[in-house]
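Note on naming: letters A, B, ... go to the chains in the order of the sequence lines (proteins, then strands), and numbering restarts at 1 for each one.
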Amino acid sequence: MQSLRDALEDRMRAALAAVVGPEGRELDPLIRPTQDARFGDYQSNVALSLAKRLGEKPRDTAARLVAALALDDLTDPPEVSGPGFINFRFRPAFLAAQLAAIQADPRLGLAPVAEPQRVVVDFSSPNLAKEMHVGHVRSTIIGDCIARLLEHFGHTVLRLNHVGDWGTQFGMLIQHVRELQPHVLEDPEQLHIDDLEAFYVEAKRRFDSDPEFAVRARRAVVDLQSGDPMALEVWRAFCRESLRHCHEIYERLGVRLEDRGESFYNPYLPELVAELRARELAVDHDGAVCFFVEGWTNREGKPLPLMVQKSDGGYNYDTTDLAGIRHRTGVERAARIIYVTDIRQHQHFEMVFAGARKAGWAPPSVSLEHVGFGMILGVDGRPFRTRDGGTIKLKELLDEAIERAAARVAELREKDPERRPDTSPEADANIARIVGLGAVKYADLSHNVTSDYRFDWNTMLALEGNTAPYMLYAYARIRSIRRRAHPGNAGILPAPAQHVPGVDSPEIHSWELPPDLPILLEHPSEVALAKQLLHFVPTLRQVAVELRPHLLTDYLYGLSRAYSTFYDRERGVRIVDAEPESVRLSRLRLCDLTARTLKLGLELLGIGVLEQM
RNA sequence: GCCCUCGUAGCUCAGUGGAUAGAGCACCGGCCUCCGGAGCCGGGUGCGGAGGUUCGAUUCCUCUCGAGGGCGCCA
């Protein structure tokens, strides 16, 4: 379906062609949303720039454009205002017709793309040598959201967990276990994640403080690379146990991921380096093999290379990431590869992208994108840590989120026991789970990805403001109107949502309303809500291009606010008891569309909804 | 030294080459006999600084100040 803005752009291009000749069609009509409702819904700024070219006054140009505009019944007659802006205001009947087109569509107006792309989203990617911690939460949540969104557009998305399952940290672990925990070698299958974490902490400490241990650990990496059976057995046990732990967390978060760690690319590395050398793209340098890509320098101002092979013969992440791109373009046929990592790795990815381009492994048709996110800070503005400065384990963070949400639910129940007399401890536990996990996800996704943000339990669990509890409550309240409006169906409503947030999105069921129901937009709050509903699809399109999920949270919050005004007893309208019946049904339809939009929007964020709270 | 990400209201954060830069929290005042108030309306200060490009800059460019980060054998 064409967006409102696209419709205006088309009309304006036609008018431009009429005024300046055929080349007018190529001009950008400069259609922008207005900042103030007094100026209508959209404005065109094209007259201001065009007037200079034509050597006339902007207002005169604007007037000529207005005269040439054929808007039919899309908008009221456009007005020229200020120095030469042209203001457009949509007519309610046109908005109603647009809404009618989406109300029968389970996808709410977003048709699947005609030509699906193969897209790789590389996200989460923890280091398998230790437990997942708070540092992995952003990549996991943002990556999942991006994947969901692109899947919803109909693209074929490969969700890759590029786990750190190789390299120095495993040499450290293996050597540590050999020396101090030999019992593990006897029965590696007994290994537990807690042991792994403890081993890592201890091995890391020794590695950093004992140079001789560091040498032995590096030698252990060589054992691993050369296929030493004992080393491999321990390594496999470490990875298996660590991945089991990761997937417990993914399951809880409703995140689907395919594990394909660094070691997957091991077989490709020697040939990759050999090819670069043969093509003279890489050269020997201080015993290492370096691939120089223009544009980066080190501290001394000398060219900074991608180091594709270390002087000890090993490989590092430059090599595996290059191999990853080659595999993803060559074997997976990806048209778009998206990396979701800490923003500190931005330069690394820029270099790898440049290297892949130079080597021809990423042709211009393939898009390489790094979504770099900022840090999570504590309420004090310093890196988010435990009280004693330790790392916050992801599992414990999620436990706390659910516990805190449960406490909030208990508080509300105590304060107003009459509100939900029908609830049960099990239902409340489910509410706490959805609200708690949703709060963590929403807090993350509602911030600009590149920014650092403060992790504040009180803010993210508040029922007011741009938070998950607010959005979930908004949804639940609309659903309660449905129950009120259709008492006959009260007993056959689906049970409260039990699904893992959005992994298998349940179909969004419309209310039992006639499919061809006319929508009547008369009250200002109805018109405002209608416009907001029609912005959903353009918002999704923008997020899919720019990969900025907070645009979606902002949109959903705006939708809730528009609904809130629509529903307000003073500024809004009556709904359940509205008369006549045609008006009542039209308003119920607006409620229905709002609920469906909220539900779909939240599910694209990876957040499940609740029918009752 | 070079490079990257930033700098917006008391606080937490949005935002745009266009008109008077927004929202939440907090604070003050007002409204409605309330479909499950997540109510609604009104009230204040702000684009770190200086130049430049432009009809127009908070947005783009340069410089500068400040914060954080990256800069060959960790990832």
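Within the 4.0 angstrom heavy-atom criterion, only backbone atoms of the sugar-phosphate kind lie near A/Ile343; the bases stay farther away. Note on A/Met613: a base of the nucleic acid sits closer than 4.0 angstrom, heavy atoms only. Within the nucleic acid shown, A/Ala476 comes within 4.0 Å of at least one base atom, counting heavy atoms only. Among the atoms of the strands shown, none is found under 4.0 Å from any heavy atom of A/Thr467. Residue A/Asn45 is classed as a base contact, given a heavy-atom separation below 4.0 Å to a base. At a threshold of 4.0 angstrom between heavy atoms, the contacts of A/Arg477 include nucleobase atoms, whether or not backbone atoms are also involved. The residue A/Ser480 sits close to a base: some heavy atom pair falls under 4.0 Å. Counting non-hydrogen atoms under 4.0 angstrom, A/Arg419 reaches a base of the nucleic acid. Using a 4.0 Å heavy-atom cutoff across all strands shown, A/Ile575 reaches at least one base atom of the nucleic acid.
One distance of note links CD1 of A/Ile481 with CD1 of A/Ile575; it measures 4.5 Å at 0.5 Å rounding.
Residues satisfying the ring pair (Phe, Tyr, Trp, His ring centres under 6.0 Å) criterion with A/Tyr453, sequence neighbours excluded, are A/His447. Among residues two or more places apart in sequence or in another chain, the side chain to side chain donor-acceptor pair (under 3.5 Å) test is passed with A/Arg219 by none. Residues meeting the ring pair (Phe, Tyr, Trp, His ring centres under 6.0 Å) test with A/His162, sequence neighbours left out: A/Tyr265. Residues meeting the salt bridge (Lys or Arg N to Asp or Glu O under 4.0 Å) test with A/Asp208, sequence neighbours left out: A/Lys204. Taking A/Glu79 as the reference, nothing meets the salt bridge (Lys or Arg N to Asp or Glu O under 4.0 Å) condition, with sequence neighbours excluded.
Annotation: ring-ring contact (aromatic ring centres under 6.0 Å, His included) contacts involving residues 565-589 of chain A, sequence neighbours excluded, comprise A/Tyr563-A/Phe566, A/Tyr563-A/Tyr567. Within the structure, every pair that satisfies the ring-ring contact (aromatic ring centres under 6.0 Å, His included) test and touches residues 283-302 of chain A, not counting sequence neighbours, is listed here: A/His285-A/Phe292. Each side-chain hydrogen bond (donor to acceptor under 3.5 Å, both in side chains) pair with one or both residues in residues 460-469 of chain A, not counting sequence neighbours, appears once here: A/Tyr442-A/Asn466. Applying the side-chain hydrogen bond (donor to acceptor under 3.5 Å, both in side chains) definition to pairs two or more places apart or across chains, those involving residues 27-41 of chain A are A/Asp41-A/Lys531.
For the OP1/OP2 pair of B/G15 and a distance below 4.0 Å, the side-chain nitrogens and oxygens of A/Arg548 include at least one atom meeting the criterion. Regarding contacts with the backbone of B/U12, a side-chain N or O of A/Arg454 is found under 4.0 angstrom from either OP1 or OP2. Contact annotation: A/Lys310 reaches the phosphate of B/C74 (side-chain N/O to OP1 or OP2, under 4.0 Å).
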Produce the list of close N/O pairs, under 3.5 Å, pairing protein atoms with atoms of nucleotides 44-48 of chain B; give distances to one decimal.
none

Report each atom pair, protein N/O against N/O of nucleotides 20-22 of chain B, whose distance is under 3.5 angstrom.
unit_1: B/U20; atom_1: O4; unit_2: A/Arg38; atom_2: NH1; d: 2.4
unit_1: B/U20; atom_1: O4; unit_2: A/Arg38; atom_2: NH2; d: 2.8

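Side-chain atoms of A/Ser451 and base atoms of B/C6 include no donor and acceptor less than 3.5 Å apart. One cannot find a donor-acceptor pair under 3.5 Å joining the base of B/A75 and the side-chain atoms of A/Thr320. You'll find a donor-acceptor pair under 3.5 Å spanning the side chain of A/Gln43 and the base of B/A19, going by distance alone.
Stacking of A/Tyr567 onto the six-membered ring of B/C35 is present: less than 5.5 angstrom between centres, less than 30° between planes. Ring-to-base geometry places A/Tyr317 in a stacked arrangement with B/A75 (centre distance under 5.5 Å, plane angle under 30°).
Where A/Lys52 and A/Leu551 meet RNA chain B, the nucleotide closest to each residue was compared, and A/Leu551 sits on the side nearer the 5' end. Along RNA chain B, the nucleotide nearest A/Leu377 and the nucleotide nearest A/Lys302 are compared for position; the residue whose nucleotide lies closer to the 5' end is A/Leu377.
Between A/Arg206 and A/Glu202 there is no salt bridge, since no side-chain N of the basic residue sits under 4.0 Å from a carboxylate O of the acidic one. The pair A/Asp284-A/Arg277 counts as a salt bridge, with a side-chain nitrogen and a carboxylate oxygen less than 4.0 angstrom apart.
Between A/Phe238 and A/Phe199, the ring planes lie perpendicular to each other; the angle is over 60°, past the 30° to 60° tilted range.
Only the P atoms considered, B/G72 is 31 Å distant from B/A14, to the nearest whole Å. Across the P atoms, B/G15 and B/C28 are found 31 Å apart, a figure rounded to whole Å. The gap from the C1' atom of B/G70 to that of B/A75 amounts to 13 Å, rounded to the nearest Å.
Remark: RNA chain B forms stems of 3 or more consecutive Watson-Crick or G-U wobble pairs, all pair distances under 3.5 Å, at B:1-7 with B:65-71, B:10-13 with B:22-25, B:27-31 with B:39-43, B:48-52 with B:60-64.
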